[in-house]
Amino acid sequence: MPTPVITRFAPSPTGHLHIGGARTALFCWAYARRHDGRFLLRIEDTDQARSSDEAARGILEDLAWLGIDWDEGPAVEIAGRTLGGDPRGVGPFFQARRLETYNAYLDWLIDRDLAYPAFDTPEELGAMRAEAEREKRTFRYARSASYDRGAAMARYRAGEACVVRLRLGDADVRVRDDVLGDIAFEREHIDDFVLRKADGFPTYHFAVVIDDELMGVTHILRGQEHLNNTPRHVALQQALRRLDNGEPFRTPVYAHLPLIFNPDNSKMSKRDKAKAARRAMKDAVAAGAQSAESIANAAGIDPAQAAAFLAGETDAPSLAEAIARVLGVSLPEIEVEDFRAGGYLPEVLVNYLALLGWNPKAKNADGTDLEKFDAAYLGERFDLPAIGKTASKFDRDKLRAFNFAAIQAMDDAQFAAVWRAWCARYDREVLARLGAEDGVSDRMLIAARAAKPRCNTLAEARGPVAFALIDNDAIVFDEKAVEKVLKKPTDAAKPELGTGAGFLRVMRTELDALSAFTPEAIDAWAKSFAESRGVGMGKVAQPLRVAITGGTVSPGLGETLALVGKASVLARIDRCVAKFA
RNA sequence: GACCCCGUCGUCUAGUCUGGUCCAGGACGCCACCCUUUCAAGGUGGUUACACGGGUUCGAAUCCCGUCGGGGUCGCCA
């Protein structure tokens, strides 16, 4: 029986799930599904200072939102579903709870002199690095010739603070990668890296190798930034044996995924948000409009922190977001939560992400390349040979186009429900204005119908119907529109019709008399009204648009009026006539 | 700088392993026209690429070598 496939996603809980991490998780998930294997989630919280439980929870929620469910890992209840668990007894899945295990393996290595305590201070290491740089060589840590194991072990047993390093063997390391092919790393380019930090926690390299072995991971899919770590991991695997049965560690199959870049060719990173906010802040300060202090005050953050942020001493996302809000700039979407808040559909994100580095190599019925597919399809077809090698730029326009297409594929009721759910989380004002706090209302349904073909994201759905979300007397009239459609004669050949504003008076009377005030009824009325006066639809629709919305651009006339409702339509016409007739 | 990876339209890519069916296909973007009560949407058409230079071959996007370019890594972060 072949070994069952076990993949894993192992994020460190230092913030929301990064979009690149989401793709890695998706591919790991898809690979497991494709091979009837298991997908495992492990939280790499060995960095005490940066890890937090909230971040871990956030990542779990981000994954669940995307529909990426894990078979093993932290057991949580999200949106009524139970995910994770430990059926094979290989947990716990938080590395901070596995220190005993790491220490047992570390002792095993030290006992065999395959690892050794090192007492160099950070300053000494810094000096060595600086020297290497001066001499234009790559810094590689090497145990000095005068290293005295006996003395070192005595200090170690006495409990003196130190790190523990692997004593690397002499052989070159060959890495087999199912995306990139075989890659050879010469021994001299790898060094005695740290296995356990002075705080007693394992390094990433050590924890990852131990856990992947003990959890039975067979395939490691991860970003290409890890490629240069791989020889270390392989070297470690070759040095280790399992404590329970003495078997040597297995080397899993590696598959390094191409990187995802920004349009400007820089690596997409969480720091991009800080960069954007900092730039906006610098510009604002330079323009003399505001000082760093006034921005800090407006954003409700500590001025000292704001100064530190401006100086580039911290990239804290919370600071970046607060500052961006005050300055009115939008930050680039980098994390899954950003895309969720931006109104992208999870299934679209999954689809687009899958296309970044993987291709189904299949055709549609019309002969074009297949690009639109869902997670289930990915789970059936995903495989390593179709993964590309080249880094790709994240194309926001294409994502938006996909999101648009997915929105258009919904019927009005479906869209209304999805939009309502999004608003409940991110824009409650819309719900309040449309009377949809407790469910999709008739008005929200009309709004949805009007907004749907005019928005790429759920966040944009508000725009086309914004006129219906404000009070009647809050309409701001666009000067050009007033000039063009209200003050000019409706038809030079028919002076009896008067100006656009005057024409509105006549329409008002007929609108008031309409028994049904639905989009269909209003459109039918407008058509016959225009015909009866011998004018084009534009002569009727445009004055009404200006009266109802303040401008000449809005959804269909029937939808526009029905959405506002008869009473408000009449009130808005009255106000307009009083102002411009 | 050293090591490692990569190089097809502006972008994501198909084609490269198994050379000819590719004067290179699709998608997104962009442009034009049509439709039209505005804005969208929709319809039709167009735009643009094998990084460069040498080989090998009857024939190269596809194989080989070199050059150039881009990126990643060089932490007691992961």
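All values reported here derive from a predicted model rather than from experimental measurement. Below, chains carry the letters A, B, ... as their sequence lines are ordered, and counting in each starts from 1.
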Assign [X] to base, sugar-phosphate, or nothing according to its heavy-atom contacts below 4.0 angstrom with the strands shown.
X: P258(A); result: nothing
X: Y352(A); result: nothing
X: H226(A); result: base
X: F394(A); result: nothing
X: D47(A); result: sugar-phosphate
X: V194(A); result: sugar-phosphate
X: G357(A); result: sugar-phosphate
X: N364(A); result: nothing

Quiz item: Does any donor-acceptor pair link the side chain of E133(A) with the base of rG1(B) at a separation under 3.5 Å?
Solution: no
Quiz item: Donor-acceptor pair under 3.5 Å: do we get one between K361(A)'s side chain and the base of rA14(B)?
Solution: no
At under 4.0 Å, does any side-chain N or O of [X] touch on OP1 or OP2 of [N]?
X: R129(A); N: rC74(B); result: no
X: R165(A); N: rC76(B); result: yes
X: K389(A); N: rC17(B); result: no
X: K398(A); N: rU13(B); result: no

Rounded distance in Å - [atom1] ([X]) to [atom2] ([N]):
X: L166(A); N: rG75(B); atom1: CG; atom2: P; answer: 16 Å
X: Q224(A); N: rU73(B); atom1: CD; atom2: P; answer: 11 Å
X: R454(A); N: rU37(B); atom1: CZ; atom2: C1'; answer: 12 Å
X: L257(A); N: rC6(B); atom1: CG; atom2: C1'; answer: 14 Å
X: L259(A); N: rC6(B); atom1: CG; atom2: P; answer: 13 Å
X: E225(A); N: rC77(B); atom1: CD; atom2: C1'; answer: 12 Å
X: L17(A); N: rA78(B); atom1: CG; atom2: C1'; answer: 14 Å
X: Y141(A); N: rA2(B); atom1: OH; atom2: P; answer: 25 Å

Nearest listed nucleotide, side chain of [X], among [options]:
X: L125(A); options: rC76(B), rU38(B), rC4(B); result: rC76(B)
X: T368(A); options: rA27(B), rG72(B), rC77(B); result: rA27(B)
X: N229(A); options: rC76(B), rG7(B), rA78(B); result: rA78(B)
X: H189(A); options: rA78(B), rC3(B), rG72(B); result: rC3(B)
X: V163(A); options: rC76(B), rA78(B), rC77(B); result: rC76(B)
X: T390(A); options: rC76(B), rU13(B), rA78(B); result: rU13(B)
X: P453(A); options: rU37(B), rC76(B), rA40(B); result: rA40(B)
X: F185(A); options: rA14(B), rC3(B), rG10(B); result: rC3(B)
X: S392(A); options: rC4(B), rC77(B), rC12(B); result: rC12(B)

[N] versus [M] - spacing of their [atom1] atoms, nearest Å:
N: rA49(B); M: rA24(B); atom1: C1'; result: 9 Å
N: rC28(B); M: rG53(B); atom1: C1'; result: 33 Å
N: rG43(B); M: rC50(B); atom1: C1'; result: 32 Å
N: rG72(B); M: rC30(B); atom1: P; result: 29 Å
N: rG66(B); M: rC4(B); atom1: P; result: 13 Å
N: rC9(B); M: rG26(B); atom1: C1'; result: 12 Å
N: rU13(B); M: rC52(B); atom1: C1'; result: 23 Å
N: rG20(B); M: rU67(B); atom1: P; result: 29 Å

Quiz item: Where each residue is assigned the nucleotide of RNA chain B containing its nearest heavy atom, which of K363(A) and A391(A) is assigned the position nearer the 5′ end?
Solution: A391(A)
Practice problem: Name the residue closer to the 5' end of RNA chain B, choosing between Q542(A) and G388(A) according to the nucleotide with the nearest heavy atom. | Solution: G388(A)
State the pairing partner of [N]; accept Watson-Crick or G-U wobble contacts with both distances under 3.5 Å, and report none otherwise.
N: rC58(B); value: rG20(B)
N: rC30(B); value: rG46(B)
N: rC35(B); value: none
N: rA2(B); value: rU73(B)
N: rG66(B); value: rC52(B)

Report yes or no: do [X] and [Y] form a side-chain donor-acceptor pair below 3.5 Å?
X: Y102(A); Y: D211(A); result: yes
X: Q542(A); Y: R545(A); result: yes
X: H233(A); Y: Y204(A); result: no

Exercise. Decide if atom CZ of R187(A) counts as having more than 12 heavy atoms of other residues, nucleotides or ligands within a radius under 6.0 Å.
Key: yes
Exercise. Anything under 30° is parallel, anything over 60° is perpendicular, the rest tilted; go ahead and classify Y141(A) against F139(A).
Key: perpendicular
Kindly confirm or rule out a cation-pi arrangement of [X] over [Y], judged by NZ or CZ under 6.0 Å from the six-membered ring centre and within 45° of its axis?
X: R196(A); Y: F206(A); result: no
X: R143(A); Y: Y116(A); result: yes
X: K372(A); Y: F402(A); result: yes

Quiz item: How far apart are the closest heavy atoms of A161(A) and F119(A), and which atoms are they?
Solution: O-CD2, 3.6 Å
